[in-house]
Asks: 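Please find one structure pasted underneath; my questions will follow.
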Amino acid sequence: MPVQIQQKIAALGGGVGASKLLLGLYEVIDPEALTIIVNTGDDLVLHGLKVSPDLDIVTYTLAGIVDPLKGWGVRGETFHALKRLAAFGRPDWFNLGDRDLATHIHRSALLEEGKTLSETAESIRTALGVKARILPMSDSPVPTIIESNEGAMHFQKYLVKRRAQPVVTGIRFAGADAARPAPGVLEAVREASRILICPSNPLISIGPILAIPGVREQLRARKTAVFAVCPIVGGKSLKGPSDKMLAQLGYEATALGVARLYANFTGTFIIDPADKAQARAISELGMKVEILPTVMKTRAEKRKLASALLAL
Ligand code: FO1
């Protein structure tokens, strides 16, 4: 019998936006052939616990337990512990549910026992039955710091506590220069037959991954195999404040604006039919342009985009 060679796929992404495409991929390929490299710039320590929102969003989505309306947290979640924490005077602006807290307690306990963030991610995804590999971008903390008219603050404080209201003047990935990619990250990019950049915020979801030394160079070396799905459609973010952040930092909040950020490591840039008028300008940046419906509301649309990307 011929040996079936499974094509490996690597995907880079953040949380909610990425998870839509990742769920589609997970359902149309052998999930064991998929390695997902996840942004951990959003990670924070709350109540003494290490919280890794994007790792958890991806894991919960693929495990089928994510809250489908919010896109983060666990479906049918309760918040008894958070209410009690608030009664103790602890901050409750970041909504950690009771079931979700178990993940953070487990992760924090493993880290305390000397395990790496990669090992904690592996423990959580296998316990929840996820067959794809889920890797943090790095085992070292690289918090995303937003500089704004209200001063510098952690990304979650900007997004959740301050509801993306401060005017962004800069973004820093603290400690990125000294960080190393987590084990398996560079290998996954090197060995994949295709590398997908998920439709995530280019500045604060993909940006932190690219800031880890060696990642951008490894992508550049595989440029023709890199396919990036644009997270801006018709000048608006598919999810979250990407459009606003791009504009405040002086980038164009359009498909072309994102394409300029990705041009030096991306072979094929995927835009929605709504942006087809920009195809020519994007191709002049030295990338192939493909036009596919990128707005994924239903499970069928997620699978359809995933299959179409693999067929390009
Ligand atoms: N997003 C919110 O807008 N409000 C929250 O209270 C909140 C809590 C939360 C808890 C766990 C988790 O894994 C994610 C959570 N998120 C929350 C989402 C998260 O802040 C962002 O969407 C991602 O970090 C960006 O990808």
Side-chain angles (χ1 to χ4, degrees), residues 11-23 36-83 85-86 90-108 117 120-121 124-125 128 130 134 136-137 141-146 153-166 168 171 173 197-210 229 231 237-245:
L12 277 64
V16 182
S19 291
K20 295 182 178 192
L21 177 60
L22 292 170
L23 184 61
I36 305 161
I37 299 161
V38 180
N39 166 43
T40 52
D42 294 12
D43 290 15
L44 69 169
V45 175
L46 276 171
H47 320 299
L49 301 173
K50 164 87 165 170
V51 182
S52 295
D54 287 359
L55 280 172
D56 292 342
I57 290 167
V58 170
T59 307
Y60 293 167
T61 301
L62 301 186
I65 62 167
V66 81
D67 181 314
L69 290 179
K70 295 199 292 260
W72 50 267
V74 179
R75 190 190 324 125
E77 188 59 289
T78 52
F79 292 87
H80 302 294
L82 189 72
K83 283 195 196 102
L85 286 164
R90 303 208 63 89
D92 63 351
W93 56 267
F94 201 74
N95 290 286
L96 297 174
D98 297 326
R99 293 170 183 81
D100 193 27
L101 272 166
T103 304
H104 313 314
I105 292 170
H106 176 57
R107 176 187 295 115
S108 305
L117 186 64
T120 71
I124 294 163
R125 73 98 178 166
L128 294 177
V130 174
I134 301 177
M137 63 189 194
V142 181
T144 298
I145 307 296
I146 300 294
M153 63 186 85
H154 186 281
F155 171 70
Q156 296 293 358
K157 207 167 195 177
Y158 160 79
L159 182 76
V160 178
K161 190 172 187 191
R162 291 289 302 113
R163 299 179 185 280
Q165 288 308 306
V168 181
I171 301 174
F173 308 117
I197 311 288
C198 292
S200 295
N201 185 319
L203 301 174
I204 49 82
S205 296
I206 303 301
I209 308 177
L210 298 174
V229 180
S237 320
L238 286 174
K239 181 83 192 103
S242 309
D243 47 3
K244 181 155 87 175
M245 297 180 89

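Since we're looking at a predicted model, the values are computed, not measured. Whatever order the structure lists them in is the order used to number ligands and atoms, beginning at 1.
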Asks: Give me the pairs of N or O atoms, one from ligand 1 and one from the protein, that sit under 3.5 Å apart.
Replies:
unit_1   : atom_1 : unit_2 : atom_2 : d
ligand 1 : 1 (N)  : Trp72  : NE1    : 3.4
ligand 1 : 6 (O)  : Asn95  : N      : 2.9
ligand 1 : 6 (O)  : Asn95  : ND2    : 2.8
ligand 1 : 20 (O) : Gln156 : OE1    : 2.7
ligand 1 : 24 (O) : Asp42  : OD2    : 2.6
ligand 1 : 24 (O) : Asp54  : OD1    : 3.4
ligand 1 : 24 (O) : Gln156 : NE2    : 2.9
ligand 1 : 26 (O) : Asp42  : OD2    : 3.3
ligand 1 : 26 (O) : Asp54  : OD1    : 2.7

Asks: When you measure from the side chain of Lys50 to the backbone N and O of Leu117, does any donor-acceptor pair fall under 3.5 Å?
Replies: no
Asks: Does NZ in Lys157 sit with more than 12 non-hydrogen atoms of other residues, nucleotides or ligands closer than 6.0 Å?
Replies: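 No, because the 6.0 Å sphere around NZ of Lys157 holds 12 heavy atoms or fewer from other groups.
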Asks: If we ignore hydrogens and angles and just use 3.5 Å, is the side chain of Asp100 paired with the main-chain N or O of Gly73 as donor and acceptor?
Replies: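 It does not hold such a pair.
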Asks: Indicate yes or no: at least one non-hydrogen side-chain atom of Ile37 is less than 4.5 angstrom from one of Ile209.
Replies: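 They are in contact (side-chain heavy atoms under 4.5 Å apart), so the answer is yes.
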Asks: Can you tell if the side chain of Ser52 reaches within under 4.5 Å of the side chain of His104, non-hydrogen atoms only?
Replies: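 SC-SC contact between Ser52 and His104 ruled out.
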Asks: Can you check whether Gly64's main-chain N or O pairs, donor with acceptor, with Arg75's side chain at less than 3.5 Å?
Replies: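 Such a contact is found between Arg75 side chain and Gly64 backbone.
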